[in-house]
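Worksheet: one structure, shown below.
Letters A, B, ... mirror the listed sequences (proteins, then strands); counts begin at 1.
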Amino acid sequence: MSSDHERREILIATIADLLDGIRHVSVGASSPIPAAGAMLLRARNERDGKPPVRISILGSQAHNFFTNGGIELFDCAAQGRVDAFFLGGGQIDGEGNINLVGTGDYPRTDVRWPGSFGSAYLYHLVPRVILFREEHSPRVFVPKVDFVSARAITPEVPRRGGPYALLTNMALFDFDRDAGGFALRSVHPPFTPADIRENTGFAYAEPDVVRETPRPDAATLALLRGRVFDELAETYPAFARTMKRAA
Amino acid sequence: MSSDHERREILIATIADLLDGIRHVSVGASSPIPAAGAMLLRARNERDGKPPVRISILGSQAHNFFTNGGIELFDCAAQGRVDAFFLGGGQIDGEGNINLVGTGDYPRTDVRWPGSFGSAYLYHLVPRVILFREEHSPRVFVPKVDFVSARAITPEVPRRGGPYALLTNMALFDFDRDAGGFALRSVHPPFTPADIRENTGFAYAEPDVVRETPRPDAATLALLRGRVFDELAETYPAFARTMKRAA
Amino acid sequence: MTEIVALEALAARVAPGQSLAVPVDRSGVAMAATAAIVEAGIDNLHLICVPISGLQADLLIGAGAVKTLETSAISLGEAGGAPRFGAAVRAGSVTLRDATCPAIHAGLLAAQHGVPFMPIAGIIGSDLLEVRPDWKVIDSPVDEARKVVVVPAITPDVALFHAPEADRAGNVRIGRFRELATMAYAARKTLVTVERIVDRNLLETEESAAGVLPSLYVDAIAVAERGAWPLALWDEYPADEAEIARYASMARSEDGFRAYLSTFLTHRKQVA
Amino acid sequence: MTEIVALEALAARVAPGQSLAVPVDRSGVAMAATAAIVEAGIDNLHLICVPISGLQADLLIGAGAVKTLETSAISLGEAGGAPRFGAAVRAGSVTLRDATCPAIHAGLLAAQHGVPFMPIAGIIGSDLLEVRPDWKVIDSPVDEARKVVVVPAITPDVALFHAPEADRAGNVRIGRFRELATMAYAARKTLVTVERIVDRNLLETEESAAGVLPSLYVDAIAVAERGAWPLALWDEYPADEAEIARYASMARSEDGFRAYLSTFLTHRKQVA
């Protein structure tokens, strides 16, 4: 990968592909790359005459069509009206569990992260939860998280939600809900499957031939560098400016 | 009682007295006499420098300070923010139970009334529920209601709400929550305790000497016939006009 | 996304046998759409009154469109009892699900929050618990042992109401009548009639947005001028008390009701 | 009725040891009142973040005012982790009640509706259930057997937030930030700071009323211009990102925090 902005463009385009087919995606605060991915899908659908895409961005006044306060996103997800959401994790394990609380023994954790936010809830209710964590290291991708903020698989209760894919700076994984684990789908250039193995602390399925994550095509790049970054600038001015300048 | 409007003035003044000390009274729709009683208390408190009284009238836009839809009155009552409310009843029995559903066997009742409205809930939660039913007859005041829309006494659960008094065209009763029944407090002139006994289908306590319900004094009448009926006209124009004309 | 359709097309989105949630008279009742529903012969409805109803329910009952009636009360208010409701109860032609106002709100809230039930204060001791076996009394699972009533979620197939205005994106102004939002959150489908479609974006300012149901929850909108008539529409027009009284009087008999209904349907068609 | 008081008098209505509910940064945080609370030495607070917090919580924690912290997260957003929160966790000086956002909303809703608990979707499988023994998993009492989490009611002693304006009667404009209303419904006492008091009645029109918390729920109001600073106040001013970054940097050490706090308290006094 020749530069930071190219890497980001691949991530954004990959997110747009992962979201294909959804009607409503909600994006957490401070998430410019997921937001850009969602906006790219919306722009592409509009261009191609496909069904419209709704995007809600938490904490944004411009991209907020909620009128019932902080609970509305959660209610909306429980009603089945949110098709996709993004979650990160200080730790993510091979079973798809995420830890947003800290490492070591609770409550006096060695490292304390902000907290679980809505993860314990939304993971059950949003069909396509995209795990997005740029840092790809054994520190993040661990065999077993120290604290389960949100569990991926709970056979004891019916649920429509859960992890759909894991996207990092190095690779894209699918999550297989039946197998209860990740499968490597593609590796972003210039990384190799060996790089992924080396930097992933949990076991995952790996196909015989691992594809390269496709770079966005020219039409997608034009859309991204034009309309999408302009729209993004409303909510993430600094990020959009940097991306436009680099392009 | 020399006239219909004098009878109503006694009822209104009696309601104002029953409400004395409350901070917030809620009045159901189509209840001009309870509304007038609440407005009289508010005007009197203002005149006397006593604590202010809030009045909410269901279905009124002018006397509505709720902004959270139809549930707010009920939530408000559950929070302990409604001190008084009025309920009627197609039947009311000696234990203070009320029936707003119908007579005979449910569901194919012989006579069907509108339904229980919020009674089953509010009776538990509003400390001073004033039972107000103008018709005083054995048909209304029965030994045992055919359907309990709302029960007055439920030792199996803690509750702050319940009946406080019963006001009719003929008399005023107190409700004794420990004894679980009514006690005659006063009789509106020209009725006698014997009239009450004859027209009440349930047993109640009767003191040796039954007082006459006091007529409103001159100052109260002045307040009522002036400011209160003017305020009332906003919500109940026809009723207020009739009362003003008769005064 | 919200579709803007003709009134008849909106009514056609209600299927026979579905559950239909409608608001209390003062909150914005879609009377024109009700006429269109009757006209289309949609029947076997499970009518859910949020939390009570009047003319609309009585009309649907009289027209034979209602199989099940879930409500805390049916009354014509100042105009007295609801005659077709009374007749249907006597005839046993409608299955009753008697309720109490906050229990209907609680059931809708359960659906809004995506949970199977909602606890509710009060009610204990009421015979409603006898006639509503779907309501349960449980021991509170938290704090000291204490009996609490729980009611199951109410998820209407369709929510239907009338409002002053919607914008082109399908956002609907509901003002303080937040039970309309609750109905829409809870329902599988929401149909709204409005006095007019406006060009401005109702979500534009924080002040205007506060009283808006977002288009996310609105499946279809139809314009129906004076669409709540003869009932009131807040901020727009008062109830036509004379007309409601006329209904109350005529609907006392089956024949009188038929005559009223026929005129009512004709009137609506002339307006449209 | 709502009293209009000075900022210090408002802060004095919070007693040591009480539970204090505060909103998320974007909803209107009463930072000026927070300074007054620290100044007054009010401590041992049970801070309830609705549903998360940032600078306000970190400042109160750093000042030693917080005994128990109930929150779904503490973060300074773009400015990074909350340093005094981190230090307090390491030192074990604050009792943690980790939550997840909708569970805090659900607890407040239980208090709003006057019920001891509220069911909530999801959560099952989360270790939060291990560290929150007050949350229970029950079998749904309605429909088919199914595990459901229930959370107890949250009834804060005090709810505290900052809003653009209130009228003389004590009605407060909250726009779409309805969690502020939920906090007030649930709390025993509600204290609000505002940018200004306006002469008009905020309940006057259906449109303006929709975004208003009625004075019934508001115990006291104090004027505090730029009262959310350095946080944003919707419709009024953006966050002072440079100031928040300065805090994030200084608060990394105990000494740096003390220096920041001292300047912050002095600044607030100069504004007042």
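- The greatest number of non-hydrogen atom pairs below 4.5 Å with chain D, out of A:Thr67, A:Asp110, A:Thr154, is found for A:Thr67.
- Put simply, the side chain of D:Leu109 reaches to within 4.5 Å of the side chain of A:Ile71, judged on heavy atoms.
- Note: D:Cys101 SG to A:Leu58 CG = 9.0 Å, rounded to the nearest 0.5 Å.
- Only the backbone of A:Phe66 comes within contact range of chain D, with at least one heavy atom under 4.5 Å from a heavy atom of that chain.
- Per-residue heavy-atom pair counts under 4.5 Å with chain D were compared for A:Arg112, A:Arg159, A:Arg151, and the maximum is reached by A:Arg112.
- Interface remark: of the candidates A:Pro107, A:Ala77, A:Ser116, A:Ser116 forms the most heavy-atom pairs closer than 4.5 Å to chain D.
- Highest contact tally toward chain D, considering only A:Gly115, A:Gly118, A:Gly70, A:Pro114, is held by A:Pro114 [criterion: heavy-atom pairs under 4.5 Å].
- The side-chain heavy atoms of A:Tyr106 and D:Leu96, taken from C-beta on, include a pair separated by under 4.5 Å.
- Between the NE2 atom of A:His124 and the CD1 atom of D:Ile120 there is a distance of 10.5 Å, given to the nearest 0.5 Å.
- Only the side chain of A:Val101 comes within contact range of chain D, judged by heavy atoms closer than 4.5 Å.
- Rounded to the nearest 0.5 Å, atoms OH (A:Tyr121) and CD1 (D:Ile124) are 13.0 Å apart.
- When all heavy atoms are compared, the tightest approach of A:Glu156 to D:Lys147 is O-CG, 4.5 Å.
- For A:Trp113 against D:Phe85, the heavy-atom pair with the smallest separation is O-CE2, 3.8 Å.
- Of the possible donor and acceptor atoms, none in the side chain of D:Arg176 sits under 3.5 Å from a partner among the backbone N and O of A:Gly69.
- For A:Leu125, the part sitting under 4.5 Å from any heavy atom of chain D is the side chain, from C-beta outward, and nothing else.
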